[in-house]
Amino acid sequence: MLDMKLFRDNSEIIRRDHERRGISQEPINEVIRLDNEWKNSLHTMEASRRKRNIAAKEIAEAKKQGDQEKVNVILSQVKDLGLEIEQLDARAKELLLQRDNLRMSIPNILHDDVPSGDDEQGNTMKMLSGEKTDFSFLPKTHNELIESNQWVDLERGAKVTGSRFFFLKGDLARMELALQQFSIDHLTSRGFTLVQPPVMMNREAYEGVTDLSDFETVMYGVEPDKLYMIATSEHPLTAMFKDEVIEPSKLPIMMVGVSPCFRREVGAHGLSDRGIWRVHQFTKVEQIIICHPDDSWNHHEVLLENCRSLWDALDIHYQIVNICTGDMGTVAAKKYDLEAWLPGANAYKEIVSCSNCTDYQANRLKVRYRTPEGNAPVHTLNSTAVATSRALVAIIEQNQLEDGRVKIPEVLRSYMHGQEILEPCQW
RNA sequence: GCGGAGAUCGCAUAGUCUGGUAUUGCGCCGGCCUUGAAAGCCGGUGGUGUAAGCCUCGGGAGUUCGAAUCUCUCUCUCCGCGCCA
């Protein structure tokens, strides 16, 4: 959510941003209109409250002096004031609610470096790392590999839970844990603190970190407790500091979160989503930084560098893309994706997303830091380190052998007792 | 799940019985003093608003001219009991 001051004093900044995104400016006008109306109605109400406060003081004074007659006179004057305030207050609250519901739908201000474009076609390539493996055979897709090795059981997942849920088995399940452990070690050695968050959140905290429409399309709800399964550990780890004022000396807060992630994936279908590329539950190791606004663009590059070194260590060929205006969501001001080369699919596909959300989440959550001039919102950043299901896809496609088995990346071998090859599961 | 005690400004604390508009300490900021720092002393230090003002004692509702204070309700924390990986 954008700061209301931006609408009042510098609305041209928001307008210019909407122009770049190619979206209607009408909601901006409406927010400003509702704000003015709210301020007016607030003033009227405050005037009435002031009357009441003055009367209350006069009554207290008169009682102290034992002047019961004066008390009665004042009482008769303010008889209807209570009802009046109540009505004015209700009106003001309604206007404020309308204003902020609309304000929440207005996206963050994009960074100047964000390229223009209508959709993912407009994303620009920032860098390339590694090379495509030169296979002496026709590389298989990941779903062929997980099936022939019996590493993933989607059918029984569907039986027990539903489609796109799965059992992960044998050596691939062991490598999944190795991947988690390796990426956590990689980040804790760079100053990040490991945090395991709750995997369910209440509605109020969740509204602080996500787009409202996500409640319909992304998150699972848990009835009757009115909780939501987290779609990523970014959500609890950012909401963790809701309503808090953080001492500047405590910044930056750098966390590596690990948790299962749950996504409804409403509307996602198609051949390219077969296998475990797009599933309802996966584990993710995530980087989170909460920092001073002056530092966030540096930290954004640090997050990307951490991903690059991690995926370089795994010896995966990938490209980094700078996400364009049309492909950007509501909360990020700038976003990089890391796309791994999938030889089976013959395409680069997203395995990491690295965003600077600037003060957009902090405003809604009221996460601030102390300054001599008052409290100001912090900046929040997040980046995938490893989303295990997609990481497994990239690794097994790039490291597959002609016999269908898979070479284990060297950095993971020490986490698997020196094992070098993923063997098929026997059932 | 049952019983009891609690939640007050960044932190800690007084006020709650008996309704009259939030106390004090720490931390932080500024000033004095100092070669500099510390200590000491003085002032400031919740939100919003240009301001007057309005709001703020876990959330919501109620009683009242007026609620941190009384009533109801919800949430959370602590203690004891029960159950339990």
Side-chain angles (χ1 to χ4, degrees), chain A residues 1-11 31-100 103 196-208 222-228 236 239-253 260 290-292 359 362-378:
Chain A
M1 184 166 68
L2 296 177
D3 190 343
M4 201 53 224
K5 285 199 191 87
L6 203 58
F7 289 87
R8 289 176 186 152
D9 307 331
N10 293 298
S11 67
V31 167
I32 293 172
R33 189 188 69 75
L34 286 164
D35 184 53
N36 284 325
E37 213 176 312
W38 168 72
K39 276 198 286 192
N40 288 337
S41 99
L42 196 66
H43 268 103
T44 321
M45 182 198 62
E46 286 186 355
S48 297
R49 280 203 172 145
R50 189 184 177 195
K51 265 194 245 172
R52 185 178 69 181
N53 287 346
I54 291 169
K57 268 184 195 140
E58 284 173 353
I59 289 170
E61 191 60 30
K63 272 197 173 170
K64 210 183 280 177
Q65 298 181 355
D67 189 346
Q68 186 59 40
E69 202 172 316
K70 190 174 176 191
V71 171
N72 291 341
V73 171
I74 300 169
L75 280 181
S76 69
Q77 283 169 352
V78 295
K79 198 156 56 76
D80 301 326
L81 210 51
L83 189 66
E84 187 185 317
I85 291 171
E86 202 175 307
Q87 287 168 348
L88 289 168
D89 188 43
R91 172 72 183 145
K93 272 187 181 149
E94 173 60 27
L95 286 165
L96 191 66
L97 194 70
Q98 282 181 28
R99 184 197 78 180
D100 286 342
R103 184 156 62 116
Q196 296 189 35
V199 298
M200 290 182 247
M201 286 172 69
N202 63 47
R203 175 94 193 192
E204 193 193 333
Y206 224 139
E207 283 185 356
V222 181
E223 292 295 342
D225 296 295
K226 300 194 174 65
L227 295 174
Y228 296 86
M240 191 173 174
F241 297 95
K242 180 175 165 355
D243 294 323
E244 294 193 26
V245 180
I246 301 172
E247 295 296 341
S249 61
K250 299 261 167 64
L251 299 174
I253 296 171
I290 294 171
C291 70
H292 190 285
D359 60 3
N363 274 326
R364 180 109 59 102
L365 286 168
K366 297 200 183 75
V367 185
R368 297 146 296 170
Y369 69 103
R370 195 180 306 287
T371 79
E373 297 80 37
N375 300 329
V378 297

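First the proteins, then the strands, lettered A, B, ... as listed; each starts at 1. Keep in mind that this is a model prediction, so the values were computed, not measured.
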Nearest-Å distance, [atom1] ([X]) to [atom2] ([N])?
| X | N | atom1 | atom2 | answer |
| --- | --- | --- | --- | --- |
| A:Glu61 | B:G20 | CD | P | 15 Å |
| A:Phe7 | B:U48 | CZ | P | 17 Å |
| A:Leu42 | B:U48 | CG | C1' | 9 Å |
| A:Glu46 | B:G47 | CD | P | 16 Å |
| A:Asp243 | B:G46 | CG | C1' | 13 Å |
| A:Lys366 | B:C9 | NZ | P | 16 Å |
| A:His43 | B:A51 | NE2 | P | 11 Å |
| A:Arg50 | B:U21 | CZ | C1' | 16 Å |

With rounding to whole Å, what would you report as the distance between [N] and [M] at their [atom1] atoms?
| N | M | atom1 | result |
| --- | --- | --- | --- |
| B:A68 | B:C54 | P | 14 Å |
| B:G36 | B:A52 | C1' | 45 Å |
| B:G6 | B:U18 | P | 16 Å |
| B:G30 | B:U23 | P | 25 Å |
| B:G20 | B:U69 | P | 11 Å |
| B:C29 | B:C17 | P | 39 Å |
| B:U64 | B:U71 | P | 16 Å |
| B:C28 | B:C79 | P | 31 Å |

Provide the closest heavy-atom pair for [X] versus [Y] in the form atom of the first, atom of the second, distance.
| X | Y | result |
| --- | --- | --- |
| A:Val378 | A:Ala362 | O-CB, 3.1 Å |
| A:Tyr369 | A:Val245 | C-CG1, 4.3 Å |
| A:Leu365 | A:Ala205 | CD2-O, 4.1 Å |
| A:Gly208 | A:Arg364 | CA-CG, 3.5 Å |

Looking at [X], I want to see if its [atom1] is surrounded by more than 12 non-hydrogen atoms of other residues, nucleotides or ligands under 6.0 Å.
| X | atom1 | answer |
| --- | --- | --- |
| A:Lys39 | NZ | yes |
| A:Gln68 | CD | yes |
| A:Glu244 | CD | yes |

- Query: Any side-chain N or O of A:Asn375 under 4.0 Å from OP1/OP2 of B:G47?
  - Reply: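 Answer is yes, contact under 4.0 Å.
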- Any side-chain N or O of A:Arg49 under 4.0 Å from OP1/OP2 of B:C55?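 Looking at the OP1 and OP2 atoms of B:C55, one of them is under 4.0 Å from a side-chain N or O of A:Arg49.
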- Nearest-nucleotide comparison on RNA chain B, the residue closer to the 5′ end among A:Val245 and A:Ile54: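 Nearest-nucleotide comparison on RNA chain B picks A:Val245.
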- Contact state string [nucleotides 58-67 of chain B, B base, S sugar-phosphate only, - no protein heavy atom under 4.0 Å]: -------BS-
- Point-to-point distance, once rounded to the nearest 0.5 Å, from CZ of A:Arg103 to CG of A:Asp3: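 If I round to the nearest 0.5 Å, the distance is 7.0 Å.
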- Going from CG on A:Leu75 to CD1 on A:Ile59, what distance comes out if it is rounded to the nearest 0.5 angstrom?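 CD1 of A:Ile59 is found 4.5 Å from CG of A:Leu75.
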- Note on the structure: A correct dot-bracket answer for RNA chain B, with pairs being Watson-Crick or G-U at under 3.5 Å, [ ] for crossing pairs and | for inter-strand pairs, is ((((((((.[[[..)....(...]]]((((((.......))))))(((....)))..[[[[[..)....]]]]])))))))....
- Just call it for A:Arg368: base, sugar-phosphate, or nothing, with non-hydrogen atoms closer than 4.0 Å on any strand.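 Answer is nothing: A:Arg368 stays at 4.0 Å or more from every strand.
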- Under 3.5 Å, side chain of A:Asp89 to main-chain N/O of A:Ile85, donor-acceptor pair present?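 It does not hold such a pair.
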